[in-house]
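To find a chain, count down the sequence lines: A is the first, B the second, and so on, and within it residues start at 1. Just the heavy atoms: all of them, side chains too, but no hydrogens, waters or symmetry mates, feed the values below.
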Amino acid sequence: MAKVRIPTVKGTRDFYPEDMALRRWLYDHMRAVAEAFGYQEYDGPFLEPLALYAAKSGEELVKEQAFVFPDRSGELITLRPELTPSLARMVAQRQKQLVLPLRWWSFGPFWRYERPQRGRGREFFQWNVDLVGAATPETDAELAAVGATFFRRVGLQPQQVRILVNNRRLMDTQLAALGIPAEQRKAVFRLIDRKEKMQPAAWEAYAADIGLSPAQIQGLYALFERHDLWQTSDELRRFFAAAEALGVADYLRYEPTVIRGLDYYTGTVFEARDHAGRFRAILGGGRYDNLVAAVGGEPVPGVGFAMGDMVITLVLEAYGLRPDLPLSPAQALVTVFDADHWLDSLRLAQRLRAAGLRVVVYPQPARLGKQFKYAHRLGIPVVLVRGPDEVAADRVTLKHMGTGEQVQVPTEQAADRVRQWALD
RNA sequence: GUGGCCGUAGCUCAAUGGCAGAGCACCUGACUGUGGAUCAGGUGGUUGGGGGUUCAAAUCCCCUCGGCCACCCCA
C-alpha cells in the first residue's frame, strides 16, 4: 500500500473526480433553482478579519468554532464560518448604489473548528440564498420556496423532506402571554430549541433552572401542541398563503418548536428536516431585520437560508437519489490497434473532436480487450477501432458499450454515430 | 473543548496472547481484432503511528493521530 505520510487535515475531505462530480451536480441544481427565481451569484472572501464577526453571529460560533490565526503582521484572520456577515458588509458598503431589493446566492467553502461527525466536517460547502431590502412575509415564503424547489428538482418528495416553519415574533407574543418577561425570552428560545433532543424530565429540569414556573412549563407544552398557532399570526397567514401561490405548500409545515439557534433572526424562521428525523437540519434560515446596521449601514431587512453539502448528500443517499454520474466526460474512446496504426487513431480522434465530440485516445498500443475494458470501467459509452481492415476501406468500427451493438461505417459517418449513441 | 465506541489488504470483514486470513476488487492467462459472465493463477500488510508488558502482541497497558456516537453548536 502506498503510504500516506501526510494525511488530510482533520475534518477535511479530498474530492476525487467522483466526489467532485457530485459537488458539481449539487452546484448545477442550486444555480438552476436560484436563477429560476432571478437570484444573482456572488461571493465574499474566504478570509475575513475576526472583527467582522465580533458583534454578531452566535457568540460561540466565532469564539469557539472558527478557525482564527494571526497573519504575518499579527492581524487576526478568520476562515469564514458563515457568509451572512460578509453579505451584510457588502450590502452596507454599496448601500447607496445597489439596486434593492437584491436577490443574491452563493456556493462555496466554509470552516468551523468543530469535532467532525456524520454530516458535519471542519471544511464544508454551503449554499447561501438571501433577499435583502424587503420585509414582507411574501419574500419569506419566496426563500422557503427556493429551498422547496431545490428539493423537488433533485427528486426529494414532501413525504421525505419537509420545511418546518415558525415565527419568533409570534413566539415572543406567546411567551409574553405566559408571563415570561422579555429579558428571559432569549433563554427560553434556547430551551425551546433543545426540546426535541432532550428527555422530558431533563428538559423540565432545564426549564425550571432558567426560572420557569411549573405553570409556565405546562404552558409551553400546550404551545407545542398548537399546530394551528400560525393562524393567529398575520405574518404567517400571509406566509402560507404565498407559499400556496408559489406551489410549494406541500413542502411546508408549521412547527412551534422550531426556533433556530442564531441570535440575529427576528421574524419567520425555518429549517428543513428529513421525515424520519435521522439527520440534522438540511437547511436553516429566516428573517433578519437588523443585520446590515450592525456593520455600519442603514438598517435594511433581509431573509435568507443556508444549506450545507454534507447533510443533503446523506439524505439523497438515504432515499436512493444520489445520481450515478459518469466517471469520464468522454463520449468515445479511440483504441490504438498497434504501433503502425497509432497515428491513424490520433487523426480519427482529432476528427471527432473537430466535430464537437469529447474523445479520449488509449495512450499506447495494447490488446483490444484491455482497451475495451478501460472504456468499460470509465463508463465511456462508445469505443472506436481503426485497424488494418478499417484503414484499407476508409471505415471505422464502433461499438456501443451499453447494448453491445457494433457497426462499421464510412469514416465521415463516425461522428454522427458517436453523437447518436452517446446520448443513450 | 468534554465523555464513549472503533481503527487489520483498494473495499467489507475474520483471526482474543502462539505462522496475519477470506470474500469482493485489481493484474495475468484460458480468448493472438472486443468490456461485462465463467475458470485457473498471481500481486497486494511495518495490523493508523509511537512506546511499554511478555519467550511471544493485531490481541493487554500508555501516548498520539483519525473516524464514528452523545454533549456543545450548527449547514
Side-chain angles (χ1 to χ4, degrees), chain A residues 1-13 16 26 30 57-66 80-84 106-129 147 190 193-194 197-199 202 206 259-263 265 271-273 278-285 304-315 333 335-338 341 362 365-391 396-408:
Chain A
M1 148 174 138
K3 287 177 198 62
V4 179
R5 298 183 189 284
I6 304 192
T8 54
V9 171
K10 179 175 184 166
T12 66
R13 297 164 288 168
Y16 288 85
L26 288 170
M30 290 165 179
S57 306
E59 294 289 314
E60 174 147 0
L61 189 59
V62 173
K63 284 186 181 160
E64 295 179 28
Q65 301 198 336
R80 62 180 189 181
E82 59 163 338
L83 189 58
T84 309
S106 182
F107 181 72
F110 294 85
W111 295 266
R112 290 186 191 168
Y113 197 81
E114 294 185 291
R115 196 84 157 242
Q117 255 176 67
R118 175 171 295 270
R120 190 179 69 181
R122 288 185 169 186
E123 178 177 72
F124 56 94
F125 283 74
Q126 189 170 274
W127 185 33
N128 283 268
V129 185
R190 283 188 47 75
D193 195 42
R194 300 177 65 183
K197 8 184 142 157
M198 295 179 72
Q199 298 296 321
Y206 179 36
I259 211 75
R260 302 302 303 157
L262 294 177
D263 293 340
Y265 292 128
E271 66 184 37
R273 306 297 300 260
R278 276 191 293 164
F279 304 105
R280 58 190 78 239
I282 303 164
L283 66 78
F305 71 84
M307 183 174 87
D309 70 310
M310 298 180 77
V311 175
I312 186 64
T313 299
L314 291 171
V315 171
L333 174 121
T335 55
V336 176
F337 188 84
D338 58 26
H341 296 82
Y362 202 81
R367 274 181 41 236
L368 281 181
K370 192 169 179 176
Q371 301 186 52
F372 273 82
K373 186 166 188 176
Y374 181 78
H376 174 74
R377 295 192 59 198
L378 280 175
I380 299 171
V382 181
V383 174
L384 295 87
V385 179
R386 192 166 174 88
D389 300 346
E390 288 84 356
V391 169
V396 177
T397 297
L398 300 91
K399 180 164 184 175
H400 188 299
M401 297 297 280
T403 63
E405 184 182 357
Q406 184 165 314
V407 297
Q408 197 179 85

S.K.: To the nearest Å, give me how far apart CZ (A/Phe110) and C1' (B/rC73) are.
M.R.: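 Between C1' of B/rC73 and CZ of A/Phe110: 17 Å.
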S.K.: Please give, in whole Å, the distance from B/rC71 C1' to A/Gln117 CD?
M.R.: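 Between C1' of B/rC71 and CD of A/Gln117: 9 Å.
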S.K.: Output a table of nitrogen or oxygen pairs between the protein and nucleotides 39-42 of chain B separated by less than 3.5 Å.
M.R.:
none

S.K.: Once you round to the nearest 0.5 Å, how far does CG of A/Leu314 lie from CZ of A/Arg118?
M.R.: 5.5 Å
S.K.: In whole Å, I'd like the distance from the CD atom of A/Gln126 to the P atom of B/rC74.
M.R.: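 Going from A/Gln126 (CD) to B/rC74 (P), I get 12 Å.
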S.K.: Can you tell me the base-pairing partner of B/rU59? Count Watson-Crick or G-U wobble geometry only, both distances below 3.5 Å, and say none if there is no partner.
M.R.: none
S.K.: Across all strands, who's sitting opposite B/rG45 as a Watson-Crick or G-U wobble pair, both distances under 3.5 Å?
M.R.: none
S.K.: By the 4.0 Å heavy-atom rule, please label A/Ala375 as base, sugar-phosphate, or nothing.
M.R.: nothing
S.K.: In whole Å, what separates the C1' atom of B/rG42 from that of B/rA58?
M.R.: 26 Å
S.K.: For B/rU16 and B/rC55, measure between their P atoms and round to the nearest Å.
M.R.: 22 Å
S.K.: Would a 4.5 Å heavy-atom cut-off, applied to side chains only, mark A/Leu83 and A/Phe107 as touching?
M.R.: no
S.K.: Say you pick atom C1' in B/rC61 and the same atom in B/rC24; how far apart are they, in whole Å?
M.R.: 36 Å
S.K.: Is A/Lys10 close to A/Thr12 at the side-chain level, that is, under 4.5 Å between some pair of heavy atoms?
M.R.: no
S.K.: What one-letter contact string describes nucleotides 30-37 of chain B from 5' to 3', where B marks a base within less than 4.0 Å of any protein heavy atom, S marks contact via sugar-phosphate atoms alone, and - marks no contact?
M.R.: ---BBBB-
S.K.: In whole angstrom, give me the gap between the P atoms of B/rC5 and B/rC74.
M.R.: 28 Å
S.K.: Over how many whole Å does the gap from A/Lys10 atom NZ to B/rG7 atom P extend?
M.R.: 18 Å
S.K.: Between A/Gly308 and A/Pro116, name the one whose nearest nucleotide on RNA chain B is closer to the 5' end.
M.R.: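 It is A/Pro116, whose closest nucleotide lies nearer the 5' terminus.
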S.K.: When the nearest nucleotide of RNA chain B is assigned to A/Arg190 and to A/Val9 on a heavy-atom basis, which residue is associated with the more 5' position?
M.R.: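 Result of the comparison: A/Val9.
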S.K.: Going through the distances and angles, do A/Phe125 and A/Phe110 end up as a ring pair (Phe, Tyr, Trp, His ring centres under 6.0 Å)?
M.R.: CA-CA 6 Å; A/Phe125 283 74; A/Phe110 294 85; 8.4 Å; no
S.K.: May I ask you to test the A/Glu405-A/Lys399 pair for a side-chain heavy-atom distance under 4.5 Å?
M.R.: no
S.K.: Carefully, step by step, assess A/Arg80 and A/Glu82 under the rule salt bridge (charged side-chain N to carboxylate O under 4.0 Å, His left out).
M.R.: CA-CA 5 Å; A/Arg80 62 180 189 181; A/Glu82 59 163 338; over 6 Å; no
S.K.: Tell me the partner of B/rC68, counting only Watson-Crick (N1-N3 plus N6-O4 or O6-N4) or G-U wobble (N1-O2 and O6-N3) with both under 3.5 Å; none if nothing fits.
M.R.: B/rG4
S.K.: Nearest whole angstrom, please: distance from the C1' of B/rC69 to the CD of A/Glu114.
M.R.: 15 Å
S.K.: Is there a side-chain contact between A/Leu368 and A/Lys370, using heavy atoms and a 4.5 Å cut-off?
M.R.: no
S.K.: Using a cut-off of 4.0 Å on non-hydrogen atoms, how would the nucleic acid contact of A/Ile282 be classed: base, sugar-phosphate, or nothing?
M.R.: sugar-phosphate
S.K.: Could you give the distance separating B/rG10 and B/rC62 at their P atoms, to the nearest angstrom?
M.R.: 29 Å
S.K.: Which whole number of Å gives the distance between the P atom of B/rC13 and that of B/rC6?
M.R.: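 It works out to 14 Å between them.
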S.K.: What interatomic distance, in whole Å, is found between P of B/rC60 and the corresponding atom of B/rG45?
M.R.: 25 Å
S.K.: Assign A/Gly11 to base, sugar-phosphate, or nothing according to its heavy-atom contacts below 4.0 angstrom with the strands shown.
M.R.: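 Contact class for A/Gly11: sugar-phosphate only.
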S.K.: Using the P atom in both, what is the distance from B/rG35 to B/rG44, to the nearest Å?
M.R.: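 That atom pair is separated by 27 Å.
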S.K.: Would you mind pulling out the nucleotide paired to B/rA22, Watson-Crick or G-U wobble, both distances under 3.5 Å?
M.R.: B/rU12
S.K.: Establish, for the pair A/Arg122 and A/Tyr113, whether the NZ or CZ atom is under 6.0 angstrom from the six-membered ring centre and no further than 45 degrees off its axis.
M.R.: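 Here A/Arg122 passes the 6.0 Å and 45° test against A/Tyr113.
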S.K.: Check A/Ile380 against A/Met401 and note the closest heavy-atom contact, atom names and distance.
M.R.: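 The answer is O-CG, 3.6 Å.
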S.K.: Take atom CZ of A/Arg118 and atom P of B/rG4, then tell me their distance rounded to the nearest Å.
M.R.: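 Answer to the nearest Å: 22 Å.
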S.K.: Pair A/Arg13, A/Asp309 - check salt bridge (charged side-chain N to carboxylate O under 4.0 Å, His left out), show working.
M.R.: CA-CA 12 Å; A/Arg13 297 164 288 168; A/Asp309 70 310; 2.9 Å; yes
S.K.: Both distances under 3.5 Å, Watson-Crick or G-U wobble: report the partner of B/rU38, or none.
M.R.: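 Pairing partner: B/rA30.
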S.K.: Whole angstrom is fine here: how far is it from CZ in A/Arg80 over to P in B/rC74?
M.R.: 19 Å
S.K.: How many whole angstroms separate atom OH of A/Tyr113 from atom C1' of B/rC74?
M.R.: 17 Å
S.K.: Minimum heavy-atom separation for A/Phe124 and A/Arg112, please, with both atom names.
M.R.: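 Nearest heavy atoms, A/Phe124 then A/Arg112: CZ-NE, 3.9 Å.
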